[in-house]
Chemist: 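The structure under discussion is supplied below as structure tokens; questions concerning it will follow.
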Amino acid sequence: MDIRPAKVSELEEIAELQHIVFRPNEAESPARYLAYAKEDPTYTLDHSRVIEIDGRIVAHLRIWDRTMRVRGVSLLAAGIGSLCVHPNYRKQGYAQALMRDTEGYFLQAGYDFGLLFTIIGTPYYEAQNWITIPLPTFTINFVDVTRESLDVRPLEIEKDLDAVMHIHEVDGMHVTGSVVRDRNYWTNGPARIRGLFPKWGVVRNGEVVAYVNFVSDGDGVWVKEACALPNESLAYADLASLILNKCNGKLSGSLPHRHAFVHTLETMSQSTATWSTYDEMMVKGVNWHSLREKLGADVVPSPQPKSEAQFWTDLFGDDVFYWETDFF
């Protein structure tokens, strides 16, 4: 079985394969997947691992570069995404072979650890020794009352990008699990498709001091991200008013435990959040030597931890958080 990097001439075929597997009812999805490659400055052909059978791409795996802060240290994560096999070629071990090959590539390419988000549940990846990192979610049920949002305005990426970048950088500086986002990360094609840039922010004295990223539909509101400058947590009250006014049903989201925005939502809705977790995020050690050099020998034992699950649990602690806007 030959597993290799993609060729430029195969990118459209790979996009079509992802369309067939992931979004068969969305005619525009091939353009989406093509943009993931062509409009991402960090992408290289090595990041698309493929299996070709009889001149046809039948299986594919995409690698995404992510720099993650862990205990104040920047680690290079190799994100696994878009693992797929054509329906006519399944049950032949192609997906598992891609995973094994890609983990070998991780080590050669200098990544510190592997990272993925699963939509098929964790058992498949747990069988390949990937470790689940539960992320917190919350739900709030409240009485529908109109509230006034005084200093909230729509954000424009052309005008407000620098301010939003600064808020995210300051807010996430000491959060284990937060992704380091440079300007390209905020503005590339995948960021646009995922809706990374928030639509609403709070302005004080002409300066954007807080923002929220959420989606709203007939079933309610899902909060994906909320950040504010230090000493500006009161700005969350205006953003909470905005969300509560837009929420016709359930209010929920994924934010860190003890996040000030959840507390503000509870106070203003006169309700108590119910907390749970979801198990989409998974990690796996790749280069224990580089992890030891970056985190210290007191954190990463030699040659590697006896229990990798316990290692990641201890490393991330109870406050690990990865914004849903960074999912791939």
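All of these numbers come straight from a predicted model, not from anything done at the bench. Along the sequence shown, the residues carry numbers beginning at 1.
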Chemist: I'd like to know if the side chain of D171 and the backbone of L229 have a donor-acceptor N/O pair within less than 3.5 Å.
Modeler: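 Flag not set: sc D171 to bb L229 has no pair under 3.5 Å.
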
Chemist: Assess whether atom CG of N231 is packed by more than 12 heavy atoms of other residues, nucleotides or ligands within 6.0 Å.
Modeler: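 It does not: N231 CG has 12 such atoms or fewer within range.
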
Chemist: Relative to the ring of Y33, is the ring of F22 parallel (under 30°), tilted (30 to 60°) or perpendicular (over 60°)?
Modeler: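 Aromatic pair F22/Y33 classed tilted.
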
Chemist: Quick check: does any side chain N or O of D182 sit under 3.5 Å from a backbone N or O of Y185, one acting as donor and the other as acceptor?
Modeler: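 Yes, D182 side chain to Y185 backbone: donor-acceptor pair under 3.5 Å.
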
Chemist: Could you tell me which non-hydrogen atom of F321 sits nearest to which non-hydrogen atom of L135, and how far apart they are?
Modeler: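 In terms of heavy atoms, the two residues are closest at CA-CD2, 4.4 Å.
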
Chemist: Side-chain contact test, heavy atoms from C-beta onward, threshold under 4.5 Å: evaluate it for W200 versus L155 and give yes or no.
Modeler: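 No, their side chains stay 4.5 Å or more apart.
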
Chemist: So Y278 and W222, would you call those rings parallel, tilted or perpendicular, with 30° and 60° as cut-offs?
Modeler: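 Y278 vs W222 ring planes: perpendicular.
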
Chemist: Looking at G177 and V320, what are the two nearest heavy atoms and their distance?
Modeler: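 Scanning both residues completely, I find the closest heavy atoms to be CA-CG2, 4.3 Å.
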
Chemist: Report yes if the side chains of W323 and S254 come closer than 4.5 Å at any heavy-atom pair, otherwise no.
Modeler: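 No. Closest side-chain heavy atoms not under 4.5 Å.
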
Chemist: Please confirm whether the backbone N or O of P303 pairs with a side-chain atom of R292, one donor and one acceptor, at under 3.5 Å?
Modeler: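 Confirmed, R292 side chain pairs with P303 backbone.
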
Chemist: How would you list all residue pairs meeting side-chain hydrogen bond (donor to acceptor under 3.5 Å, both in side chains) that involve residues 255-267, not counting sequence neighbours?
Modeler: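 Matches after skipping sequence neighbours: R258-D319.
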
Chemist: So, do W130 and K284 sit near enough that their side-chain heavy atoms are less than 4.5 Å apart?
Modeler: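 W130 reaches K284 side chain to side chain.
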
Chemist: Considering all heavy atoms of both residues, which atom of I80 and which atom of L116 are nearest to each other, and what is their separation?
Modeler: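 What the structure gives for the nearest pair is O-CB, 3.6 Å.
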
Chemist: Taking the six-membered ring for Trp, are W186 and H168 parallel (under 30°), tilted (30 to 60°) or perpendicular (over 60°)?
Modeler: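 Perpendicular.
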
Chemist: So that I can tick it off, tell me whether K7 and E13 are bridged by a salt bridge, with the cut-off set at under 4.0 angstrom between side-chain N and carboxylate O.
Modeler: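 Judged by the 4.0 Å cut-off on N to carboxylate O distance, E13 and K7 do not form a salt bridge.
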
Chemist: Count the heavy atoms belonging to other residues, nucleotides or ligands that lie under 6.0 Å from CD1 of I120, then report whether that count exceeds 12.
Modeler: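 Yes, because the 6.0 Å sphere around CD1 of I120 holds more than 12 heavy atoms from other groups.
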
Chemist: Shortest non-hydrogen contact from T67 to L76?
Modeler: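 What the structure gives for the nearest pair is OG1-CD1, 4.1 Å.
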
Chemist: Enter the distance from T122:OG1 to D279:CG here, rounded to the nearest 0.5 Å.
Modeler: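 Between T122 OG1 and D279 CG, I get 6.0 Å after rounding to 0.5 Å.
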
Chemist: Go through E12 and L34 one step at a time and tell me if the side chain to side chain contact (heavy atoms under 4.5 Å, CB included) criterion holds.
Modeler: CA-CA 6 Å; E12 291 188 5; L34 198 57; 4.1 Å; yes

Chemist: For the residue pair A235 and V202, what are the closest heavy atoms and their distance?
Modeler: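 Closest heavy-atom pair between A235 and V202: O-CG2, 3.4 Å.
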
Chemist: Please collect all salt bridge (charged side-chain N to carboxylate O under 4.0 Å, His left out) contacts where either partner lies in residues 65-77, sequence neighbours excluded, each pair once.
Modeler: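 Non-adjacent pairs meeting salt bridge (charged side-chain N to carboxylate O under 4.0 Å, His left out): R69-E169.
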
Chemist: Answer whether the closest heavy-atom distance between the side chains of M165 and R183 falls below 4.5 Å.
Modeler: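 M165 reaches R183 side chain to side chain.
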
Chemist: Take atom NZ in K294; do more than 12 heavy atoms of anything else shown fall under 6.0 Å from it?
Modeler: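 Count over threshold, so yes.
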
Chemist: T313 and A309: which non-hydrogen atoms are nearest, and at how many Å?
Modeler: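 For T313 versus A309, the nearest heavy atoms are OG1-O, 2.9 Å.
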
Chemist: From I140 CD1 over to K250 NZ, what is the distance, rounded to the nearest 0.5 angstrom?
Modeler: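 So the gap between those two atoms works out to 12.5 Å.
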
Chemist: Do the rings of Y105 and H47 sit parallel, tilted or perpendicular, given the 30° and 60° boundaries?
Modeler: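 Correct class here is perpendicular.
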
Chemist: Are I167 and V208 close enough that some pair of their side-chain heavy atoms sits under 4.5 Å apart?
Modeler: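 Side-chain contact under 4.5 Å: yes.
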
Chemist: Does a side-chain N-to-carboxylate-O contact under 4.0 Å join E16 and R56?
Modeler: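 Salt bridge between E16 and R56, a charged N being under 4.0 Å from a carboxylate O: no.
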
Chemist: Over 60° means perpendicular and under 30° means parallel, so tell me whether W288 and F311 are parallel, tilted or perpendicular.
Modeler: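 Judged by the thresholds at 30° and 60°, the geometry between W288 and F311 is perpendicular.
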
Chemist: Do V180 and F327 belong to the same hydrophobic cluster, where Ile, Leu, Val, Met, Phe, Trp and Tyr are linked whenever their side-chain heavy atoms lie under 4.5 Å apart, directly or via other members?
Modeler: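 Per the 4.5 Å side-chain linkage, V180 and F327 are not co-clustered.
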
Chemist: Under the 3.5 angstrom rule, does the side chain of Y124 hit a backbone N or O of Q96 as a donor-acceptor pair?
Modeler: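 Yes.
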
Chemist: Report yes or no: do V209 and I157 belong to one cluster of Ile/Leu/Val/Met/Phe/Trp/Tyr joined by side chain heavy-atom distances under 4.5 Å?
Modeler: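 Yes, same cluster.
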
Chemist: Under 6.0 Å from the six-membered ring centre of W64 and within 45° of its axis: does the NZ or CZ of R62 meet both?
Modeler: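 Judged by the rule, R62 and W64 form a cation-pi pair.
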
Chemist: Do NZ/NE/NH1/NH2 and the carboxylate oxygens of R32 and E26 come within less than 4.0 Å?
Modeler: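 No.
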
Chemist: Is the distance between the ring centroids of F113 and W312 under 6.0 Å?
Modeler: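 Ring-ring flag for F113/W312: true, centres closer than 6.0 Å.
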
Chemist: In plain terms, say whether R153 and D238 are close enough for a salt bridge, that is, a side-chain N and a carboxylate O under 4.0 Å apart.
Modeler: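 Salt bridge: no.
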
Chemist: Is the shortest heavy-atom distance from the side chain of F138 to the side chain of L255 under 4.5 Å?
Modeler: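 SC-SC contact between F138 and L255 confirmed.
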
Chemist: If only atom types and distance count, is the side chain of E308 paired as donor or acceptor with the main-chain N or O of G285 below 3.5 Å?
Modeler: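 Between the backbone of G285 and the side chain of E308 there is a qualifying donor-acceptor contact (under 3.5 Å).
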
